[in-house]
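Everything below concerns the one structure shown next.
Note on naming: letters A, B, ... go to the chains in the order of the sequence lines (proteins, then strands), and numbering restarts at 1 for each one.
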Protein chains: 2
Amino acid sequence: MDKIELTEEEIRIWNMWKGSFKRIFGRVVKDMSEHTGLSEGDFGVLDRLVQFGDGKLRQQELADSMGWDKSRLSHHLTRMEKRGLVRRKQSDTDRGVQVIITSAGKSGLDEATPIVSKAIRKHFLDQLADQDIESITKLAERTKTSSSLSSKDSPP
Amino acid sequence: MDKIELTEEEIRIWNMWKGSFKRIFGRVVKDMSEHTGLSEGDFGVLDRLVQFGDGKLRQQELADSMGWDKSRLSHHLTRMEKRGLVRRKQSDTDRGVQVIITSAGKSGLDEATPIVSKAIRKHFLDQLADQDIESITKLAERTKTSSSLSSKDSPP
DNA sequence: ATAACACGGTTGACGTGTCAACCACAAGAT
DNA sequence: ATCTTGTGGTTGACACGTCAACCGTGTTAT
């Protein structure tokens with residue numbers, strides 16, 4: 001029979017880890033949103049549109065690259081469309097929908113990118129020691145989903 | 001003039017870190033919610049009520065211990081009250097509100113606790129090497145808010 | 001006494017996430 | 001021809017978070 005209860009020490013580890021993430025991630029997102037009005041999701045969408053699609057992507061591809069389901073993306077795009085960051089257009093070739101970044105979306109992204117970089121460096125990278133990099137890498141490897149449907153990489 | 005842009009490697013570190021957290025944390029929360037119907041917030045509230053208040057706490061103290069603002073807690077308690085997990089009662093002594101765990105809340109907590117422990121061990125602790133503990137501890141120390149208004153520790 | 005403020009809490013509006021149901025349409029299977 | 005199945009996407013309902021405004025009641029300052 002395995003032991004179940006966590007020791008005080010184990011609980012502290014868990015809480016430190018959870019707390020560190022929420023603090024750091026919250027600071028990065030806050031720096032971005034306060035300066036640009038973009039949320040984490042907004043940035044992810046816009047960044048992928050230019051990185052992987054030269055400004056446009058089919059909705060399902062975008063969802064896959066974000067690791068989002070179609071419903072979540074649909075709701076989010078509706079809000080982004082309302083703010084003029086993207087627009088949707090029925091694809092001519094197939095029966096999908098093209099998501100296209102607007103000029104407003106592009107300038108929002110251009111404005112946000114250096115702010116996000118600076119924030120990630122300040123709140124995260126500058127706080128890491130060399131051995132932390134290895135810990136992060138190993139933990140990511142050990143917990144990755146086997147069937148690598150991993151969302152493509154793009155900060156934040 | 002400082003460099004601003006992140007290298008590919010730095011972006012990968014960031015994304016691995018973010019991805020690991022979201023995967024692991026998501027698995028823990030999902031294990032709990034699927035087996036007990038409690039959310040992360042529900043568990044935190046119930047656990048603190050018994051750990052720090054022997055079943056009841058003033059609302060503001062509860063909010064402080066969760067690191068939540070009063071509005072967030074108020075909304076959350078309204079939902080929890082509707083499900084019969086807690087009840088609110090005007091304090092006799094001062095002009096605050098007592099949050100009191102119900103028997104349903106207590107049994108939900110009792111049911112959830114071992115599940116949460118098992119999930120944290122399986123998805124998180126078992127994936128850590130010894131040196132990871134030190135990384136986690138150091139990073140938490142380096143990023144803690146100076147004025148230690150830290151939320152009290154209780155998983156998840 | 002009244003004005004100013006702080007404290008404890010509620011409320012409404014809105015952005016975000018999740019789930020299940022739905023719709024349109026194409027491609028096979030019967 | 002109809003029936004199922006799969007794909008791509010939308011919608012509605014509801015839980016969760018955040019922000020700002022508000023309310024009642026004490027405390028303090030004038």
Does a distance-only test, which skips hydrogens and angles, find a donor-acceptor pair under 3.5 Å between the side chain of [X] and the base of [N]?
{"X": "B:H75", "N": "C:dG12", "value": "yes"}
{"X": "A:S71", "N": "D:dT10", "value": "no"}
{"X": "B:T78", "N": "C:dT10", "value": "no"}

Item to check | Interatomic distance, B:L125 atom CG to B:D132 atom CG [nearest 0.5 angstrom] | outcome: 11.0 Å

Checklist entry - How many angstroms lie between atom CZ of A:R142 and atom OG1 of A:T137, to the nearest 0.5 angstrom? => result 10.0 Å

Tell me: [atom1] of [X] to [atom2] of [N], nearest whole Å?
{"X": "B:E34", "N": "C:dT18", "atom1": "CD", "atom2": "P", "value": "13 Å"}
{"X": "B:R79", "N": "D:dG17", "atom1": "CZ", "atom2": "P", "value": "7 Å"}
{"X": "B:E81", "N": "C:dG9", "atom1": "CD", "atom2": "P", "value": "13 Å"}
{"X": "A:K82", "N": "D:dT10", "atom1": "NZ", "atom2": "P", "value": "13 Å"}
{"X": "A:D69", "N": "C:dG17", "atom1": "CG", "atom2": "P", "value": "11 Å"}
{"X": "A:K70", "N": "D:dG8", "atom1": "NZ", "atom2": "P", "value": "9 Å"}
{"X": "A:D94", "N": "C:dA24", "atom1": "CG", "atom2": "C1'", "value": "14 Å"}
{"X": "A:Q59", "N": "C:dC23", "atom1": "CD", "atom2": "P", "value": "19 Å"}

Got a salt bridge between [X] and [Y], using NZ or NE/NH1/NH2 to carboxylate O under 4.0 Å?
{"X": "B:R12", "Y": "B:E8", "answer": "no"}
{"X": "B:R23", "Y": "A:E141", "answer": "no"}
{"X": "A:R58", "Y": "A:E61", "answer": "no"}

Checklist entry - Which is true for B:R88 with a 4.0 Å heavy-atom rule: it touches a base, it touches only sugar-phosphate, or it touches nothing? => result sugar-phosphate

Checklist entry - Using a cut-off of 4.0 Å on non-hydrogen atoms, how would the nucleic acid contact of B:S39 be classed: base, sugar-phosphate, or nothing? => result sugar-phosphate

Is the phosphate of [N] approached by [X] (side-chain N or O, under 4.0 Å from OP1 or OP2)?
{"X": "B:Q90", "N": "C:dG8", "result": "no"}
{"X": "B:R95", "N": "C:dG8", "result": "no"}
{"X": "B:R72", "N": "D:dG17", "result": "yes"}

Checklist outcome for this item: Nearest-nucleotide check on DNA chain C, A:R83 vs B:K30; residue mapping nearer the 5' end is A:R83

Checklist entry - Where the side chain of A:H76 is concerned, which of C:dT16, D:dT10, C:dG9 is the nearest nucleotide? => result C:dT16

